[in-house]
Number of protein chains: 2
Amino acid sequence: MASDHTRSAILAAAERLYADRGFGDVTLRDIVAEANVNLAAVNYHFGSKDELIAELFVTRSIATNRERLHELKAAEVQGGGRAPIEVILRALVGPTLRGCLGPENQRSTAARFMIRASIESVPPIRRIKNREIDHLRKFAGAMRRSLPDRSDVEIYWGLNFALAMAHHTIRESERLTKLSEGKCDLDDVEDVVARVVSVATMALTAGKVEAMAPARALARDAR
Amino acid sequence: MASDHTRSAILAAAERLYADRGFGDVTLRDIVAEANVNLAAVNYHFGSKDELIAELFVTRSIATNRERLHELKAAEVQGGGRAPIEVILRALVGPTLRGCLGPENQRSTAARFMIRASIESVPPIRRIKNREIDHLRKFAGAMRRSLPDRSDVEIYWGLNFALAMAHHTIRESERLTKLSEGKCDLDDVEDVVARVVSVATMALTAGKVEAMAPARALARDAR
DNA sequence: GATAGTTTCATACAACTGTTTGAATTGCAA
DNA sequence: TTGCAATTCAAACAGTTGTATGAAACTATC
């Protein structure tokens, strides 16, 4: 076990390079050069390139998930088992948004890495993401408790849309800035969180979709 | 020019393989094998692998964009220059959703290819996507005309969230199905379109975000 | 201070990649 | 038919990739 210095140097270098240049453009040789380490060290310490990526992603994922669940649990305890839906949604999307948005120069390497992981979906990461469902189920449960009159379908759609707005905004933050000519301020993270939470709350608490049928008919007519 | 047979055989085979297995796993040799064509034919007809991918993506993109603009224009003409916001949003997200969702076995190769293009963001495609902003600007304009009392910032956020819900639902359709244990029916495309349009409409027409401050304060207290 | 186990290192390997080459073939016009 | 351009083809090229090897260096234990 010795010093572990090599191991952590590889992890740090890999995360930095992946964050900066993406998975496709970074080779093991780039990583070991950045880490001032021998090429064979990667396979010695991690087994393979994919396992290195997986370890990076898993580490960051559990950190985010822990943060999410911590916020959720605190809210539910305070609310006697039923947290307000806004607070649940905030616990769901807040940590990720706060980590990945904000002024570019103070965005952490970890956050930039997670953005890459969300943009360039590489096999080892995809495998891990598929196991994230149990984690989401906990939020679905909390949402159901918060909105007992809503059907499961509505809960899941609300959850889906909340994640959609958060992740898409992160992924396409550059494009939104360009499109809006800077009018949408993505550095004001708490504003973004508030917007996402607000819309998701409306999606979950407004009249059921079936009540929106008029809009549907209207659109059909317009064709 | 001769027969063009080789050229279109390559395009068809490439689209099919990319749709099925993703960009990362398909080599030129796979493509020429599938197309029963010589390896050098790709570089002869397209110049490079990236240009082949770009041509595929551009073709499909203009098709979708044309469809979107056709719906939009029709609605604006009928409304005398101002289309209802629901119809605009439907024109924005409808074509993509209809192409990429629905029963798996009847999803076209083209649609499956576009899903891949949205999941695995490969360099040539990313370059093209960045030029899609002008296209989105047309929708922003229509939305502004439809909702003259809304600020630009609100319009752009609404546009962003509408695209977010549509694209994320496509990208993560498998996960949503699994998470909801099939309760969310992604094969009912028109239902999905209606949900997305309905939430986006609420986002654009409901009270301003600032009015949501209570929710924000609430969340702060809960921490 | 010898030994056993861990870690580092230079180097080679084997496979795969997109691309190029130059000759063979085809199709069409004169 | 002849000639010429467009197309196809087999083969090789040049580069890169992740991984494996076996010797060397180190570290801690007895």
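Residue numbering restarts at 1 for every chain, and letters A, B, ... go by the order of the sequence lines.
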Test item: A:Phe161 and B:His168 side chains (from C-beta on) under 4.5 Å apart, heavy atoms: no
d(CZ, A:Phe46; C1', D:dA20) in whole Å: 18 Å
Side chains of B:Met114 and B:Ser61 in contact at under 4.5 Å (non-hydrogen atoms): yes
Please enumerate all protein N or O atoms sitting under 3.5 Å from an N or O of nucleotides 12-19 of chain C, with distances to 0.1 Å.
from, atom 1, to, atom 2, distance (Å)
C:dG18, OP1, B:Lys49, NZ, 2.6
C:dG18, OP2, B:Leu28, N, 3.1
C:dG18, N7, B:Arg29, NH1, 2.9
C:dG18, O6, B:Arg29, NH2, 2.9
C:dT19, OP2, B:Asn43, OD1, 3.2
C:dT19, OP2, B:Lys49, N, 2.8
C:dT19, O5', B:Asn43, OD1, 3.4

Atom-to-atom span, OH of B:Tyr44 to P of C:dA24 - whole angstrom: 18 Å
Side-chain N,O (B:Asn38) to OP1/OP2 (D:dT7) below 4.0 Å: no
Whole angstrom value for the distance that separates P of D:dT17 from CG of A:Leu52: 15 Å
Basic-acidic side-chain contact under 4.0 Å: B:Lys138, B:Asp134: no
B:His5 vs D:dT8: side-chain N/O to OP1/OP2 distance below 4.0 Å: no
Separation of atom NE2 in A:His45 from atom P in D:dT19, rounded to whole Å: 15 Å
Short side-chain N/O contact from A:Thr6 to OP1 or OP2 of C:dT8, under 4.0 Å: yes
Check ion pair B:Arg98-B:Glu190 (N to O, under 4.0 angstrom): yes
Heavy-atom closest pair, residues B:His135 and B:Asn65: CE1-OD1, 3.2 Å
B:Asn36 CG - D:dT8 P separation (whole Å): 13 Å
Length of the CG-P vector between B:Asp4 and C:dG27, whole Å: 15 Å
Salt bridge present between A:Arg126 and B:Glu174 (N-O < 4.0 angstrom): no
